[in-house]
2 protein chains.
Amino acid sequence: MSIEAEMNRGFLQILALVALEESLYGYRMLKNFEEIGYTVEENTLYPLLRRLEQAGLINSKWSISQDRPRKFYHITPKGRKVREKLLTIRRTQNMVLEKVLEAQKNGKKAE
Amino acid sequence: MSIEAEMNRGFLQILALVALEESLYGYRMLKNFEEIGYTVEENTLYPLLRRLEQAGLINSKWSISQDRPRKFYHITPKGRKVREKLLTIRRTQNMVLEKVLEAQKNGKKAE
DNA sequence: TGATATACTGTATGATATACAGTATTGTAT
DNA sequence: ATACAATACTGTATATCATACAGTATATCA
């Protein structure tokens with residue numbers, strides 16, 4: 001795995017938990033994310049969904065009413081709690097990153 | 001590893017590459033990050049620094065001029081390139097996240 | 001003098017992104 | 001009608017990384 005690919009870790013968890021406030025099946029999420037400029041591989045998303053379900057953060061049910069069987073996922077109350085925690089972590093990280101970038105710009109060399 | 005801990009992945013790479021525009025040794029980075037509100041475990045940072053060096057993104061030299069031997073790290077040109085790429089990825093992710101959060105707020109249920 | 005902080009090293013473990021291989025249906029072009 | 005791409009999944013394998021664990025050695029201060 002490349003250093004750039006490593007960036008997906010953590011982030012896709014949040015994205016999925018936010019998106020699954022609405023009921024969605026895997027393939028649809030994939031296409032939705034792609035539309036808004038974030039391409040995710042199915043090899044990444046499907047196993048993630050399985051893990052999130054195992055952790056009780058989302059649940060699933062098969063829908064056979066449509067033309068083709070689809071597994072719809074939806075966030076659970078536990079998932080909502082974790083989602084808020086993750087969003088907080090992410091925002092803290094953004095603030096920390098801004099601070100360190102700012103410190104560089106203001107030239108620490110002088111010290 | 002918990003889902004929350006997973007959030008470190010990717011992020012600490014960027015943070016280190018930004019911080020190492022200035023020459024620093026591991027323990028100092030640890031304390032710097034702690035000061036600005038981001039606690040990192042040494043078990044996380046030290047192996048990361050080894051990996052970044054192996055990948056040629058940072059280099060190191062021992063300093064024995066002080067009271068105690070310290071390994072100072074510094075970013076390489078290659079490291080700067082990767083850093084910019086990672087910052088771009090991070091910013092894209094933030095934008096994508098905002099979009100999905102916004103879409104939820106504006107109630108997709110009606111559709 | 002003995003505990004605590006500093007400042008590292010090396011290897012092990014477990015979780016995850018991605019890879020690989022496979023199943024089955026639907027829609028479209030030939 | 002028939003092949004081909006797109007849809008929509010499943011299951012297991014591999015490699016990388018965060019974290020754990022264990023260890024070394026000097027400095028500081030009660």
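Naming convention: chains lettered A, B, ... in sequence-line order (proteins, then strands); numbering from 1 in each chain. Values below: every heavy atom of this structure, side chains too, minus hydrogens, waters and symmetry copies.
Atom CD in A:E6 sits roughly 7 Å away from atom C1' in D:dT16 (whole-Å rounding). When the P atom of D:dT19 is taken as reference, atom CZ of A:R9 falls 11 Å away, rounded to whole Å. Following rounding to the nearest Å, A:D67 (CG) and C:dA24 (C1') show an atom-to-atom distance of 13 Å. Atom CD1 in B:I3 sits roughly 14 Å away from atom P in D:dT19 (whole-Å rounding). Spacing between atom CD of A:E41 and atom C1' of C:dC20 amounts to 12 Å, rounded to whole angstrom units. If you take NZ of B:K61 and C1' of C:dC8, they are 18 Å apart, rounded to a whole angstrom. Here the C1' atom of nucleotide D:dC9 and the CG atom of A:L30 are 11 Å apart, to the nearest Å. Straight-line distance from the CD atom of B:Q13 to the C1' atom of C:dT16: 14 Å, rounded to whole Å.
Side-chain contact check for A:R91 versus A:T88: every heavy-atom pair is 4.5 Å or farther apart.
Both A:R70 and A:P47 lie close to DNA chain D; mapped to their nearest nucleotides by heavy-atom distance, the more 5′-ward contact belongs to A:R70. Judged by closest nucleotide on DNA chain C, B:K71 is the one of A:L12 and B:K71 placed further toward the 5' end.
Salt-bridge formation is not detected for the pair A:R50/A:E53: no Lys NZ or Arg NE/NH1/NH2 atom is positioned less than 4.0 Å from an Asp or Glu carboxylate oxygen. Here A:E102 does not pair with A:K99 in a salt bridge; the nearest charged N to carboxylate O distance is not below 4.0 Å.
Side-chain proximity of B:T44 to the nucleotides D:dT19, D:dA8, C:dC8 is greatest for D:dT19. Listed candidates were D:dT19, D:dA8, D:dG11. Nearest to the side chain of B:N8 is D:dT19. Minimum atom distance to the side chain of B:Y27 is reached by C:dA5, of the listed D:dT19, C:dA5, C:dT9.
Taking hydrophobic clusters as Ile, Leu, Val, Met, Phe, Trp and Tyr residues chained together by side-chain heavy-atom distances below 4.5 Å, A:M95 does not share a cluster with A:L86.
Nucleic acid contact for A:R28: none, since no nucleic acid atom lies under 4.0 Å from a heavy atom of the residue. Counting any heavy atom pair closer than 4.0 Å across all strands shown, A:Y46 reaches a base atom.
Residues B:R90 and B:N94 bring no donor and acceptor atom of their side chains to less than 3.5 Å of each other.
In DNA chain D, runs of at least 3 consecutive Watson-Crick or G-U pairs, each pair with both distances below 3.5 Å, span C:1-30 with D:1-30.
Within the structure, every side-chain polar atom (N or O) of A:N43 is placed at least 4.0 Å from both OP1 and OP2 of C:dC20. Between A:K31 and D:dA6, a side-chain N or O to OP1/OP2 separation shorter than 4.0 Å is absent.
Side-chain atoms of B:Q93 come within 3.5 Å of backbone N or O of A:M7 as a donor-acceptor pair.
At a cut-off of 3.5 angstrom, the base of C:dG27 holds no donor-acceptor pair with the side chain of A:R68.
Sorted by first and then second residue, the pairs that involve residues 70-79 of chain A and meet salt bridge (Lys or Arg N to Asp or Glu O under 4.0 Å), not counting sequence neighbours, are A:D67-A:R70.
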